[in-house]
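Just so it is clear, the structure is predicted and the values come from calculations on it, not from any experiment.
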Amino acid sequence: MKILVIGSGGREHALVWKIRQSSKVSDIYCAPGNAGIADLAQCVAIDVTDIEALTAFAEEHAIDLTVVGPEASLTAGVVDAFEQKGMRIFGPNRAAAALEGSKAFSKEFLKKYRIPTADFKIFGEAKKAKKYIEKCGAPIVVKADGLAAGKGVIVAATIDQAKEAVDLIMKQKKFGSAGSKVVVEQCLVGEEASFIAFTDGKTVVPLPTSQDHKAVFDDDQGPNTGGMGAYSPAPVVTDEISRFVMEEVMLPTVRGMAAEGRFYKGMLYAGLMIDDGRVNVLEFNCRFGDPEAQPLLMRLKTDIIDIFEATIDGRLEQFQLEIDPRPTVCVVMASGGYPGSYETGKQIRGLKAVPDSPEVTVFHAGTKRNKGRLVTAGGRVLGVTAIGESLDAARDCAYRAVAKISWAGCHYRSDIGNKAIQRRSDAGSQPVVGILMGSDSDLPVMRAAADIFASMQVPCEMTVASAHRTPELVMEYTRSAPERGIKIIIAGAGMAAHLAGVIASHTDLPVIGVPLDASPLGGMDALLATVQMPPGVPVATMGIGKAGAKNAAVLACRILALEDQQIAQKLRDFRAKMVAEVHEKARALKG
């Protein structure tokens with residue numbers, strides 16, 4: 001397939017990067033692209049709102065599928081133009097994109113369909129807006145009606161600041177035609193999160209949760225930007241909140257848009273404010289978030305071309321996304337002065353020092369080549385994105401890479417992910433499952449258990465302890481486990497495989513044994529050693545290797561689910577996913 005991606009930012013680099021992983025793709029073009037995208041696709045010098053040139057290029061090059069990145073293209077009607085010519089394109093049409101293109105339309109829509117949001121008023125005259133502000137008091141929020149690259153929202157701490165915001169938007173035209181109207185709304189408190197999903201107009205398939213960092217400085221200080229970093233998952237969005245958002249926000253929105261004659265296909269992004277379990281919609285976006293796309297696409301394992309095609313064809317009910325359970329973190333490196341005025345053309349150094357590995361990817365947002373040198377070409381320049389076994393590990397990996405990169409005046413936030421780490425600390429998220437292995441060479445197998453626990457949001461810990469070489473360590477771990485909150489122990493060992501039996505003989509906690517293939521006998525020796533426990537010393541024995549490690553984790557979750565309904569629900573979702581995968585494979589065989 002020949003693919004055209006429209007856009008030039010970090011979101012589009014991430015899209016191209018993910019599309020390149022599909023075996024269905026032969027050629028990728030990006031209009032206009034950037035220096036990083038040029039390493040993966042052929043960049044073409046067409047502006048994202050030049051609809052005529054974009055459609056002509058797609059026709060001339062026989063493009064099979066076009067993917068729209070930025071909101072400006074959507075509100076300009078690029079989807080309408082492509083569809084009129086019978087070309088396949090992913091994204092909502094102009095009528096549907098009004099959900100992002102006009103904050104006034106969006107707020108009226110939310111009110112009409114009783115979707116929770118802040119109280120508001122819409123004004124076309126600055127004088128009336130200011131009188132309303134005087135009546136309401138501060139803090140209060142003033143928003144430009146139209147598109148403003150994520151910067152058209154001003155949270156005013158005082159009445160004077162709010163009035164100044166009205167003048168900035170409506171009189172000084174800071175955001176151009178976006179400021180023909182303003183929305184003045186109640187200032188909500190809480191923690192923000194992003195809920196992003198694919199929809200074909202009937203079915204909504206959510207991506208994992210994520211959280212953007214809008215303010216330019218640490219601790220959410222300073223003016224709003226297009227986003228200074230993001231991470232996934234966002235623990236503020238609990239399973240209960242996720243179900244609420246699906247039932248009370250996402251599905252009503254898709255159905256309401258259809259009722260309005262604005263049938264919606266593409267990405268639907270709800271920006272949420274969450275306060276003590278209460279949810280309000282701050283805004284809608286009609287495309288992947290930026291920088292949320294970077295960490296989300298790094299976690300997505302399903303072929304993205306299949307998702308795009310199913311969305312266009314109205315087949316999303318057949319889909320269940322495959323997601324890497326490991327957390328991801330994206331740190332945005334920006335030009336000095338951003339989101340205000342800034343200089344470009346600064347040489348970027350240190351990119352070659354970032355290790356080329358599956359754990360970290362540097363997505364380009366505002367870069368170009370100038371006489372062979374890589375230089376800055378925008379406010380947000382790079383999105384350094386990493387994946388790790390834990391949020392801490394992903395965050396540390398991202399910041400280690402950030403430390404190697406520099407240019408004159410570059411700046412970035414140093415606290416991306418801190419809210420999640422603090423929330424985990426506040427919740428006392430101590431491990432409830434202990435995973436022991438006889439050797440660190442067993443880690444690749446036993447990590448399969450840890451991955452299951454990560455997907456179920458069950459905290460676990462992993463360590464090495466040998467029943468033969470470090471028996472004292474095994475005894476100390478087993479003795480202290482109940483005091484530290486451990487409820488189940490999983491032990492993986494090969495050959496004689498005494499580890500599980502020794503642990504079981506010294507604790508009343510459930511012990512699950514995973515025999516490992518560590519000898520010429522293919523793990524059969526470990527299986528027999530693990531299963532043959534004397535009466536009164538039970539060990540639940542799994543199969544050999546990774547499959548056994550996964551089943552050990554699932555069994556542990558089933559034990560925990562007897563007292564935890566959230567884990568019970570995740571197990572039901574897990575079972576449903578397995579059923580869906582079998583059906584999908586059966587359909588694929590039928591052709």
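Evaluation of the salt bridge (charged side-chain N to carboxylate O under 4.0 Å, His left out) test over residues 41-50, restricted to residues two or more places apart or in two chains, returns none. Residue pairs meeting the salt bridge (charged side-chain N to carboxylate O under 4.0 Å, His left out) criterion with at least one partner in residues 364-377, sequence neighbours excluded, do not occur; the list is empty. Applying the ring pair (Phe, Tyr, Trp, His ring centres under 6.0 Å) test to residues at least two apart or on different chains, none of the pairs has a partner in residues 158-184. Applying the ring pair (Phe, Tyr, Trp, His ring centres under 6.0 Å) definition to pairs two or more places apart or across chains, those involving residues 43-62 are Tyr29-Phe57, Tyr29-His61, Phe57-His61. Pairs of residues two or more places apart, or lying in two chains, that qualify as salt bridge (charged side-chain N to carboxylate O under 4.0 Å, His left out) and include a residue from residues 88-98 are Arg88-Glu309, Arg88-Asp313. Sorted by first and then second residue, the salt bridge (charged side-chain N to carboxylate O under 4.0 Å, His left out) pairs involving residues 332-360 (not counting sequence neighbours) are Glu343-Lys346.
Looking at Ser210 and Glu292, their side chains never bring a donor and an acceptor atom within 3.5 Å of each other. Ser414 and Tyr399 form no side-chain donor-acceptor contact under 3.5 Å, judged by distance and modelled atom types alone. For the residue pair Thr225 and Arg380, no side-chain donor N or O sits within less than 3.5 Å of a side-chain acceptor on the partner.
We find the CG-OG1 distance between Leu297 and Thr361 to be 11.0 Å, quoted to the nearest 0.5 Å. Rounded to the nearest 0.5 Å, atoms CG (Leu268) and CD (Glu100) are 10.5 Å apart. Going from atom OG1 of Thr385 over to atom CH2 of Trp17 covers 8.5 Å, rounded to the nearest 0.5 Å. Taken to the nearest 0.5 Å, the CG atom of Leu382 stands 9.5 Å off from the OG1 atom of Thr376. Taking OG1 from Thr328 and CD1 from Ile387, the interatomic distance works out to 6.0 Å, rounded to the nearest 0.5 Å. The distance from the OG atom of Ser8 to the NE2 atom of His13 is 12.5 Å, given to the nearest 0.5 Å.
By the 4.0 Å N-to-carboxylate-O rule, Lys107 lies too far from Asp145 to be salt-bridged with it. Contact check on Glu191 versus Lys419 returns no salt bridge, with no Lys/Arg side-chain nitrogen under 4.0 Å from an Asp/Glu carboxylate oxygen.
In this structure, the side chains of Cys330 and Ile416 stay at 4.5 Å or more apart for every pair of heavy atoms. Residues His364 and Leu374 form a side-chain contact, since some pair of their non-hydrogen atoms from C-beta on lies under 4.5 Å apart. Put simply, the side chain of Leu207 does not reach to within 4.5 Å of the side chain of Arg299, judged on heavy atoms. Within the 4.5 Å cutoff, no side-chain heavy atoms of Ile63 are placed close to those of Met87. Counting only heavy atoms from C-beta outward, the side chains of Tyr264 and Val204 never approach each other to under 4.5 Å. Val16 is not listed as a side-chain neighbour of Ile19, based on a closest heavy-atom distance of 4.5 Å or more.
Taking Pro70 as the reference, Ile6, Arg11, Glu12, Val48, Val68, Ser73 meet the side-chain contact (heavy atoms from CB on, under 4.5 Å) condition, with sequence neighbours excluded. With sequence neighbours excluded, no residue satisfies side chain to side chain donor-acceptor pair (under 3.5 Å) with Glu283. Checked against side-chain contact (heavy atoms from CB on, under 4.5 Å), Leu282 has the following partners two or more places apart in sequence or in another chain: Leu188, Glu192, Met273. Here Gln221 pairs with Phe217, Asp219 under the side-chain contact (heavy atoms from CB on, under 4.5 Å) rule; sequence neighbours left out. Legend: residues meeting side-chain contact (heavy atoms from CB on, under 4.5 Å) with Arg20, ordered by chain and number and at least two apart, are Ile28.
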Side-chain atoms of residues 400-407: list all donor-acceptor pairs with protein atoms under 3.5 Å, sequence neighbours left out, distances to 0.1 Å.
none

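Between the side chain of Ser102 and the main chain of Gly146, no donor-acceptor pair closer than 3.5 Å is present.
The minimum heavy-atom distance linking Thr209 with Ser232 is given by the pair O-OG, 2.7 Å. The two atoms that bring Ile305 and Lys24 nearest to each other are CG2-CD, 4.2 Å, heavy atoms only.
Crowding of Lys130 atom NZ: a count of heavy atoms from other residues, nucleotides or ligands under 6.0 Å exceeding 12.
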**Message:** For a ring pair (Phe, Tyr, Trp, His ring centres under 6.0 Å) check, start with the C-alpha distance between His213 and Tyr231, then their side-chain angles and the critical distance, and finish with the verdict.
**Reply:** CA-CA 9 Å; His213 296 62; Tyr231 63 90; 5.7 Å; yes
